[in-house]
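The block underneath contains the structure these notes are about, expressed in structure tokens.
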Amino acid sequence: MNIKSFFTQSDKKLQKSEALYRELVEYANSIILRMDTEGNVTFFNTFAQKFFGYKPEEIIGKSVIRTIVPPTDTSGRNLKAMIEDLMVHSERYINNENENMLRGGKRVWVAWTNRPILDERGRLKEVLCIGNDITKLKEAEKEILIAKEAAESASRAKSAFLANMSHELRTPLNAIIGFSDSLLEGIAGALNEKQKEYAGYILESGKHLLSLINDVLDLSKVEAGKMELELSSFDLKELLRKSFSFVKEKAMKHNISLLDNVDNDLAPVTADERKIKQVVYNMLSNAMKFTPDGGKVGIEAKKINAGEIRVCVWDTGIGVEDKDKEKVFAEFEQIDNDYSRKYAGTGLGMPLSKKFVELHNGKMWFESEGQGKGTRFYFTLPLARINKE
Amino acid sequence: MADNNKNTILIVDCDFLSMKLESDLLQANGFNVLKASCGKEALNMLKCSIPNLVILDIRLPDISGYELFNKIKQDARLANVKIIAVTAFAMKEEEQKIKSVGFDSFIAKPIDIKDFIRQIKDKVSG
């Protein structure tokens, strides 16, 4: 091969390779441009021309400021200063998102990767900028942020409303509960039997209303993710055995037998004692409520595997029909039959109990073979320390 | 008229029925009771009498129960006066706030009358 043909061939190769790169850059679906240290455009690819709306002769040699970069963006950020800073500290702008401007003045957002090009002496000669349109992404981000702020503000308003409502309901209840209890205590003199009975109804109803208010507040707290557990180690066995005292009086009145089958070896648990007590109380009063006179109500508890205790409250009561099974843990739902109408509760006890158990990473469910066949409510409690999220 | 052998309790509460309930209970249990329905009235009363204990509601028509608490605490003459919050703001956050600023006790409304009297007697004798 002679020298001439060598150069011709190598020239051809060079041309071919250059054409390849030119095509790559020209037809890439990204904005590709170069600018000198003054911020004047020296290269502007086809995609950039289409995107920004400038022909090469309209942009080459012109500053990016006031053509594709507005001096300040919509939020007031000084983009002229940013371009000046980019020429000094190009390393800070390797990945940079900023607002840009189309020919008609419309603002867009572009994610840029900026690469400094140095001369032989290592000084900055030009900056190669490759950009992708992220306007839609930014708009979506903004919308999400607005929605988030609206949700947070609604949540704050709800909390404030609940705190106020609680205050407004408790104030009259203070008089209802306090004065009826005072009457029963004989502070205003002795009452006859009928008066005692009526004052007792007022007091009971007042207390019922109070527990309803507390349940509503608890439930909304759980739903807002603001319910915190106060963990301590306590003897679950003892808590369960003592829990019968809540319903003893009622059981005697209705001739319901209370049966305790709590495992003696039950280890202490780490949980929120007050909430577990409330769960057990809700289960027991639920069982009592739906068990006719002469029936049975019982508690069972045992370790079911290495890390879990299972508690069951069972009854020989009216049971749950298949069609009603979904309502048991639904808020404000009560199974509609003559029996439940006679023994109206808050409709919040079981849903709230389930949420309390779930806060402990436990499960709550029930089994009933149908109407008249009794119900078994279960919950599990992990023995290991409960992981707080 | 005030009986000097009895312990005196100032109740500051703008709710008429809460005031009535608490004062009747305290009187039935042998206490002298002073009544104020706002912060200003309470401060005026405290100029000429020093009770053993003050029962404060947190929501008052003029100043908050916290402000009134601070004013009482700043007065050296009232250094030994116990202060209990009795309020319908029963949420745990409020209870924690009340306890952290230094109230001697917190009782949520609706009160349990036996518990209420027991706590007052405890604080007055203690």
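Letters A, B, ... are given to chains in the order of the sequence lines, protein chains preceding strands, and every chain is numbered from 1.
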Please check if the number of heavy atoms outside [X] that lie under 6.0 Å from its [atom1] is greater than 12.
X	atom1	result
B:Asn80	CG	no
A:Arg274	CZ	no
A:Tyr281	OH	no
A:Lys237	NZ	yes
A:Glu197	CD	yes
B:Lys73	NZ	yes
A:Lys277	NZ	no
B:Lys92	NZ	yes

Quick check on the interface: out of B:Asp112, B:Asn29, B:Ile111, who has the most heavy-atom pairs with chain A under 4.5 Å?
B:Ile111

With A:Thr171, the side-chain contact (heavy atoms from CB on, under 4.5 Å) member among B:Asp13, B:Leu17, B:Asp15, B:Asp57
B:Asp15

Carefully, step by step, assess B:Glu94 and A:Arg170 under the rule salt bridge (charged side-chain N to carboxylate O under 4.0 Å, His left out).
CA-CA 14 Å; B:Glu94 199 76 31; A:Arg170 281 167 180 278; over 6 Å; no

Pairwise distance [atom1]([X]) to [atom2]([Y]) - rounded to 0.5 angstrom:
X	Y	atom1	atom2	result
B:Phe116	A:Asp181	CZ	CG	13.0 Å
B:Arg59	A:Asn164	CZ	CG	5.0 Å
B:Ile113	A:Phe179	CD1	CZ	10.0 Å
A:Ser182	B:Leu21	OG	CG	5.0 Å

Measuring heavy-atom distances to chain B, does A:Lys207 have an atom under 4.5 Å in its side chain, in its backbone, in both, or in neither?
neither

4.5 Å side-chain heavy-atom contact, A:Ile187 and B:Asp24:
no

Could you tell me whether the side chain of A:Ile176 reaches within less than 4.5 Å of the side chain of B:Pro110, counting heavy atoms only?
no

What pair of heavy atoms forms the shortest contact from B:Lys109 to A:Asn174, and how long is it?
CD-ND2, 3.6 Å

Please state whether the side chain, the backbone, both or neither of B:Lys114 comes within less than 4.5 Å of a heavy atom of chain A.
side chain

Residue selection (most heavy-atom pairs with chain B, distance under 4.5 Å) from A:Glu168, A:His167, A:Lys221, A:Glu185
A:His167

